[in-house]
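In what follows, a structure is listed as C-alpha cells, so that the remarks can point back to it.
Just the heavy atoms: all of them, side chains too, but no hydrogens, waters or symmetry mates, feed the values below. So you know, we letter chains A, B, ... as the sequences are listed, proteins then strands, and number each from 1.
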Amino acid sequence: MESFDLRVRDFNLGLTLSSGQVFHWATSDGCHWHGMLGKHFYHLHQPKASFLRVHTTASPSLGRQDLSHYFGLDQSLQRILKSFPKDPLMREATHAYKGLRLLRQDPWVTLVSFILSSTKQILQIRQTVQEISCRFGSPHAIQTHHSPAWAFPDPAQLVQAGESRLRACRMGYRAKYLYQTACLIQEGQIQLDSLRTCSLEEAREVLMQCPGVGPKIAECVLLFGYGFQEAFPMDVWIRRILEDYYLPGQKSSVAQVQAFVADYFGPHSGYAQQYLFDHVRNLPSEVWQAMVKASPFAQGS
DNA sequence: CCCCAGGTAGCCA
DNA sequence: TGGCTACATGGG
C-alpha cells in the first residue's frame, strides 16, 4: 500500500460519497471511506478541507490521476455554482452541501447501480451493490486491517452468475433486467465505451435499449457515468420539488417540465439537481413544507 | 395492517 | 401522449 496526500479545493469527501449518486463506497464513521476504483483499492479521508489522505494499492502517480479524474477536481466548482439560478431553495442547497461534487463514474458500474435502484431506498441500493460485488466480483487481497474488498463484477461475471443467483441477492424483479442487460453488453450488442463519443441524445437512445432502463435511469447514467451535466434525472424527489416549489399548481406535461428545467437551471442542470435532491431529501418535512409556502414561484408572490 | 422507496414495462383508451 | 398496474423486498 502506498500513501500520499492529495490537495483539493471546493471538495467535501463525505458529502460526495454519501450522496445519492454512488453506492459502492463503505464507511464506518462517515469520515473514513474505502472501496475499489477499477482494479485498485483505496482508503480515503479528509483530515482538513484542503487535502485528502490516501492509502492505495495504486502507485501514487496513478492514484493522483485517477482520483482527480474521478472526483472531477479539474473542474471549477465555483464556475458551476455561478451558473445555477439564485432562488432561496437553490441558495440553501448549495450552502448546506458545500463541496458536493458530481463524480465521473464508470458507465458500467453506474448502469448496474441504477438498474438496482428502482423503488429502493438508498441504503438498500448500497447493500445490494455490496452484495453482488462480494459474491460475483474478483476478490482483492489486501494485507492491512481493512476488510477484504472485491472489484465490481464485470458483465461476464454477472452473466455467469445467472438470473437466479442474482435474485438471491434480494434484488427482486430487477434480477431479470440486470441479467438481460449484462447479456447484451457481454455479447457486444451494446458497447458502453462507444457512447463516450456520442451526443447526449444518441447515448440516451442506446442506454434505453437496455432492459430495466427507462428515462430516469438513462439520465442517471448519462449524468454520473458519461459526464453530461445537463442530463436531469427526474425521480420522486425531484418531481416533488418541481411540482411543489418551482411549478406549484401547474399541471404541466413532461415536455413542459423538461423545457422549464433546461431553461431555468441551465447547462449544468444535472449538477443543480443533485444539490436539490440531497438537500430536500434530508430536510425534515415541516421545514420543507415551510419552504414550499414561502416559494417565490407561488401565486401572489 | 398500512405506506413508501433515486422506476420500468405492458396494456389500454 | 397520459393513466393505470404488477413487479420484490425492506423499513418506518
For nucleotides [N] and [M], find the distance between their [atom1] atoms and express it as a whole number of Å.
{"N": "dG10(C)", "M": "dC1(B)", "atom1": "C1'", "answer": "16 Å"}
{"N": "dA8(C)", "M": "dA5(B)", "atom1": "C1'", "answer": "12 Å"}
{"N": "dG6(B)", "M": "dC4(C)", "atom1": "P", "answer": "23 Å"}

What residues, two or more places apart in sequence or in another chain, satisfy side chain to side chain donor-acceptor pair (under 3.5 Å) together with Asp278(A)?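 Here the qualifying residues are Gln274(A), Arg281(A).
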[Y] backbone acceptor or donor facing [X] side chain under 3.5 Å:
{"X": "Thr27(A)", "Y": "His32(A)", "answer": "yes"}
{"X": "Glu2(A)", "Y": "Thr56(A)", "answer": "no"}
{"X": "Arg174(A)", "Y": "Arg167(A)", "answer": "no"}

Check this for me: [X], atom [atom1], are more than 12 non-hydrogen atoms of other residues, nucleotides or ligands nearer than 6.0 Å?
{"X": "Gln160(A)", "atom1": "CD", "result": "no"}
{"X": "Arg7(A)", "atom1": "CZ", "result": "no"}
{"X": "Arg9(A)", "atom1": "CZ", "result": "no"}
{"X": "Gln250(A)", "atom1": "CD", "result": "yes"}
{"X": "Lys251(A)", "atom1": "NZ", "result": "no"}

field: Boundaries of the chain A footprint along DNA chain B (any atom under 4.0 Å from a heavy atom)
entry: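 Using the under 4.0 Å cut-off, the span is dA5(B) to dA9(B).
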Got a sec? Which of [range] come in under 4.0 Å of DNA chain B, heavy atoms?
{"range": "residues 87-107 of chain A", "value": "none"}
{"range": "residues 162-179 of chain A", "value": "Tyr173(A), Tyr177(A)"}
{"range": "residues 235-242 of chain A", "value": "Asp235(A), Val236(A), Trp237(A), Ile238(A), Arg240(A)"}
{"range": "residues 252-290 of chain A", "value": "Gln273(A), Gln274(A), Phe277(A)"}
{"range": "residues 213-225 of chain A", "value": "Val213(A), Gly214(A), Pro215(A), Lys216(A), Ile217(A), Phe224(A)"}

Name all residues meeting the side chain to side chain contact (heavy atoms under 4.5 Å, CB included) criterion together with Val287(A); count only those two or more places apart in sequence or in a different chain, and write none if there are none.
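Only Leu283(A), Pro284(A) meet the side chain to side chain contact (heavy atoms under 4.5 Å, CB included) criterion with Val287(A).
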Tell me, please, which residues at least two apart from Glu243(A) pass side chain to side chain contact (heavy atoms under 4.5 Å, CB included).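 Glu243(A) satisfies side chain to side chain contact (heavy atoms under 4.5 Å, CB included) with Arg239(A) only.
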Membership question, hydrophobic clusters at under 4.5 Å side-chain separation (ILVMFWY): are [Y] and [X] in the same one?
{"X": "Leu276(A)", "Y": "Val22(A)", "value": "no"}
{"X": "Phe152(A)", "Y": "Leu158(A)", "value": "yes"}
{"X": "Leu111(A)", "Y": "Tyr70(A)", "value": "no"}
{"X": "Phe277(A)", "Y": "Val221(A)", "value": "yes"}

Donor + acceptor pair across side chains of Gln21(A), Ser19(A) (<3.5 Å):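 There is such a pair between these side chains.
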Phe51(A) and Phe4(A) aromatic centres sub-6.0 Å:
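Ring-ring flag for Phe51(A)/Phe4(A): false, centres at least 6.0 Å apart.
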query: So, Phe265(A) versus Tyr246(A), ring centres under 6.0 angstrom or not?
result: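 Here the rings of Tyr246(A) and Phe265(A) have centres that are less than 6.0 Å from each other.
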Enumerate, atom names and distances included, each donor-acceptor pair closer than 3.5 Å involving a side-chain atom of residues 10-17 of chain A, sequence neighbours excluded.
from, atom 1, to, atom 2, distance (Å)
Asn12(A), OD1, Gly14(A), N, 3.1
Asn12(A), OD1, Leu15(A), N, 2.9
Thr16(A), OG1, Asn12(A), O, 2.8
Thr16(A), OG1, Gly99(A), O, 3.4
Thr16(A), OG1, Arg101(A), N, 3.3

- Locate the shortest heavy-atom distance separating His24(A) from Met36(A); write the atom from each residue and the value.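 What the structure gives for the nearest pair is NE2-O, 3.3 Å.
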| message | Classify the ring geometry of Tyr275(A) against Tyr271(A): parallel below 30°, tilted from 30° to 60°, perpendicular beyond 60°. | response |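 Parallel, since the angle between the ring planes stays under 30°.
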ask   = With Tyr264(A), which of Phe232(A), Phe297(A), Phe84(A) fulfils ring-ring contact (aromatic ring centres under 6.0 Å, His included)?
value =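 Result: among Phe232(A), Phe297(A), Phe84(A), Phe297(A) is the only option passing the ring-ring contact (aromatic ring centres under 6.0 Å, His included) with Tyr264(A).
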Problem - Sugar-phosphate, base or nothing in reach of Gly20(A), heavy atoms under 4.0 Å - result: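 Base contact.
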Exercise for review: Under 4.0 Å from any heavy atom of chain A: name the first and the last nucleotide of DNA chain C that qualifies, 5' to 3'.
Suggested key: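 In short, chain A contacts DNA chain C from dG2(C) to dG11(C).
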Check your understanding: Listed in order of residue number, which residues of residues 114-128 of chain A have a non-hydrogen atom at under 4.0 Å from DNA chain C?
Key ->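 Output list: Thr119(A), Gln121(A), Gln124(A).
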- Message: In the structure I gave you, are the side-chain heavy atoms of Val8(A) and Phe71(A) within less than 4.5 Å of one another anywhere?
- Response: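 No, side chains not in contact.
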